[in-house]
2 protein chains.
Amino acid sequence: MSFQLPVQTVSRLCLIYRVLLGMDRETVLSSAKLGKLVNIPAHTIRKDLSVAGKVKSSNAGYKAGELLDFINGLFNFGAPLRVCVAGIGLLGSSFIKNPVQEGGQFIIVAGFDTNINKIEVMKSDVPLFPAYEMADRIREMRIDLGIIAVPAQAAEMTMQRMKEGGIKGILNFSPAILGDKDIAVRNVHFAEELRFLTAMIPDLEKGV
Amino acid sequence: MSFQLPVQTVSRLCLIYRVLLGMDRETVLSSAKLGKLVNIPAHTIRKDLSVAGKVKSSNAGYKAGELLDFINGLFNFGAPLRVCVAGIGLLGSSFIKNPVQEGGQFIIVAGFDTNINKIEVMKSDVPLFPAYEMADRIREMRIDLGIIAVPAQAAEMTMQRMKEGGIKGILNFSPAILGDKDIAVRNVHFAEELRFLTAMIPDLEKGV
DNA sequence: CCTCGGTTGTGAAATTTTTCACAAGTAATA
DNA sequence: TATTACTTGTGAAAAATTTCACAACCGAGG
C-alpha cells in the first residue's frame, strides 16, 4: 500500500499503468519490452516492481492484465474519483468538454468560475457554479480532486476554497506556485516545461 | 554552461527563474525567502547555486535581477526561441490564442493540422499550415521547438516530421509516450498527473 | 531428464542527490 | 573598531536511487 514507495518509482509505475491501459490484458511483456515502450531501463522496472511487492510473472515476462491489477491494487486506481475544475477559460473548458478517458478513473463533476455570465452562457453536461459556492459544493458533492485553471492572482484563494471544501489533491495549472502541508499539490506550468526542455538541450543555437 | 548539472538542479533553477521573472529586479531575497516562494529548502537552493557557479550575493541575500541574469547566463534563456504547434484542437489552439508571456522567450510562429478546413476557418495571427508541409516549414522558418497536441496515433509521425525539419526539442501533450535519442522530448499527460497525484495521497478514501 | 535460451528477483555496489553544520563574509550600529 | 545578527558557500556525512551481476526459475525440445 502506501508504505512510502520512492517518488520516482511511483511516477514510473503510473507511466507503466498508462501504457498497460491501452493494451490487451493477455499481452505478455518482458521487462525489456515494457522498458522500450516507456523509455525506462528494464532493470529499473524490475526493481520498481520488486520494491512495490510481488507480481506474478513467467519465464516470458508479465501479463499486461496482471501487471495492471497489481499497480491498481497498490494505489487503488480502480475506484473512480470526483474531480472539479476551477476556472472556465480555454484550458479549463477543455477539461470539461473532453473529459479524460482513463478507464473512468476521473469524473469531472463540477466547474467553477467567478464570471457568472460565462457560467450561464456556456453549455456543458457538467454543472457549473459561481466560484463563491466552491467550498460548499465540493463538500456536498464529495469531490476528491481539484484542477486549478484560474489566473495567478486568484490561485491561492482558489486553493483555500478547495481546502475548505475538504479536497484531497490539487492539480494547479495557474502560473502561481502552490503548496500545502495538508493536501497534495502538483504544479504544472507549460512555459516552464518548455524552459526546462531548452535547458536540457546542450547545444541549442538560438536565432532570432 | 552545460557541464551536466544534475537534472533536479536544472528543474529547480527553472522554477526559481519563473518566480524571479515576476518580481522587481531590485528585490533582495535570502535563500530562505526564496525557498518559501518555491517550496524548496534554503540549503538546497544554496547548493544548487553553488554547483551551478558563482552568483553575486550580499549579507542580505541575492538581488532578484542578478540571480535572474545568472540563471539566464547558465542556460541562455534570454534569447527568444521559435516554437510551432502541431494539432489545432482545443489545447493546441490555446497555445496559439494566448501565447505564453515569459519575457518573450518563446514565440509561437506556426501551427499545423491535418484538417485543411480547420486551417482555413480558424482566424489567428499565427500562420497555419497543413501537416504535410511540417518538415519544410520548420526548416525554412528555422523553428527550434515543437509542441505536439495531436491524437495519440498521429504523435509518432508528427515527431518524425519535426525531427526531419531539424527541431531541437519537443513538448508532447499527446497520450503517446515519445522519446528519441537525438532530440530532447518531454511528455506531459494530464490524466497521468492526476493519477500521480492520487498515488501520492496516502489515505484517499474513494467514493462513487 | 538434461540443456538451451529466455526470463525474473534481489542483494550489494555504485552513483547521485540531499542534508547538515559551520567557517567566513558583510553591513549596520554603537 | 568591536559587536551583533544576519547572510552565503561548501566540504563532508547521510540518504536515496539507480545500476549491476548473477542465482534461480521456467518451458520447450530434444
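Numbers restart at 1 for each chain; the letters A, B, ... are given by sequence-line order, proteins then strands.
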A.B. asks: Whether the side chain of B:Asp48 engages the backbone of B:Ala52 through a donor-acceptor N/O pair (distance < 3.5 Å, no angle test) should be reported.
C.D. replies: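 No, because the side chain of B:Asp48 does not come within donor-acceptor range (under 3.5 Å) of the backbone of B:Ala52.
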A.B. asks: Do A:Met200 and B:Val7 have side chains that get closer than 4.5 Å, going by heavy atoms?
C.D. replies: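 Yes - at least one pair of side-chain heavy atoms lies under 4.5 Å apart.
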A.B. asks: Please check if the distance between the ring centroids of A:Phe190 and B:Phe173 is under 6.0 Å.
C.D. replies: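 Centroid separation for A:Phe190 and B:Phe173: below 6.0 Å.
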A.B. asks: If you draw a 6.0 Å radius around CG in B:Asp125, do more than 12 non-hydrogen atoms from other residues or ligands fall strictly inside?
C.D. replies: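 Open: at most 12 neighbouring heavy atoms sit under 6.0 Å from CG of B:Asp125.
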A.B. asks: Nearest whole angstrom, please: distance from the C1' of D:dT8 to the CZ of B:Phe70.
C.D. replies: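 For the pair B:Phe70 CZ and D:dT8 C1', the rounded distance is 13 Å.
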A.B. asks: Taking 4.0 angstrom as the limit, do A:Asp144 and A:Arg82 come out as a salt bridge?
C.D. replies: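 No, no charged N to carboxylate O under 4.0 Å.
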A.B. asks: Which is it for A:Leu37 and A:Met23 under the side-chain contact (heavy atoms from CB on, under 4.5 Å) test, yes or no, and what are the steps along the way?
C.D. replies: CA-CA 12 Å; A:Leu37 294 176; A:Met23 198 170 262; 3.5 Å; yes
A.B. asks: Looking only at the side chains, is there a donor atom on one of B:Glu164 and B:Gln160 sitting less than 3.5 Å from an acceptor on the other?
C.D. replies: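 There is no such pair between these side chains.
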A.B. asks: What nitrogen or oxygen pairs link the protein and nucleotides 13-15 of chain D at under 3.5 Å?
C.D. replies:
none

A.B. asks: What parts of residues 18-37 of chain B reach DNA chain D, counting only heavy atoms under 4.0 Å away?
C.D. replies: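 Of all residues in residues 18-37 of chain B, the ones placing a heavy atom under 4.0 Å from DNA chain D are B:Ser30, B:Ser31.
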A.B. asks: A:Ile40 CD1 to D:dT19 P: how many Å, rounded?
C.D. replies: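 Rounding to the nearest Å, CD1 of A:Ile40 and P of D:dT19 are 11 Å apart.
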A.B. asks: Check each of B:Arg25, B:Lys63, B:Lys56 against B:Asp69 using the side-chain hydrogen bond (donor to acceptor under 3.5 Å, both in side chains) test, and report the only one that passes.
C.D. replies: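 Testing B:Asp69 for a side-chain hydrogen bond (donor to acceptor under 3.5 Å, both in side chains) against B:Arg25, B:Lys63, B:Lys56 leaves exactly one candidate, B:Arg25.
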A.B. asks: Going 5' to 3' through nucleotides 17-30 of chain C, assign each nucleotide B (protein heavy atom under 4.0 Å from a base atom), S (under 4.0 Å only from sugar-phosphate atoms) or - (no protein heavy atom that close).
C.D. replies: SSBSB---BBS---
A.B. asks: Whole angstrom is fine here: how far is it from CD in A:Glu66 over to P in C:dT7?
C.D. replies: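 To the nearest whole Å, that distance equals 18 Å.
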A.B. asks: Nearest whole angstrom, please: distance from the P of C:dT7 to the NZ of A:Lys63.
C.D. replies: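 After rounding, the gap between these two atoms is 17 Å.
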A.B. asks: Are A:Val109 and A:Ile143 close enough that some pair of their side-chain heavy atoms sits under 4.5 Å apart?
C.D. replies: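 Touching, per the 4.5 Å side-chain cut-off.
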A.B. asks: Are the side chain of A:Asn187 and the backbone of A:Ile177 linked by a donor-acceptor contact shorter than 3.5 Å?
C.D. replies: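 A pair under 3.5 Å: no.
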A.B. asks: In whole Å, I'd like the distance from the NZ atom of A:Lys56 to the P atom of D:dC25.
C.D. replies: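 Roughly 17 Å, once rounded to whole Å.
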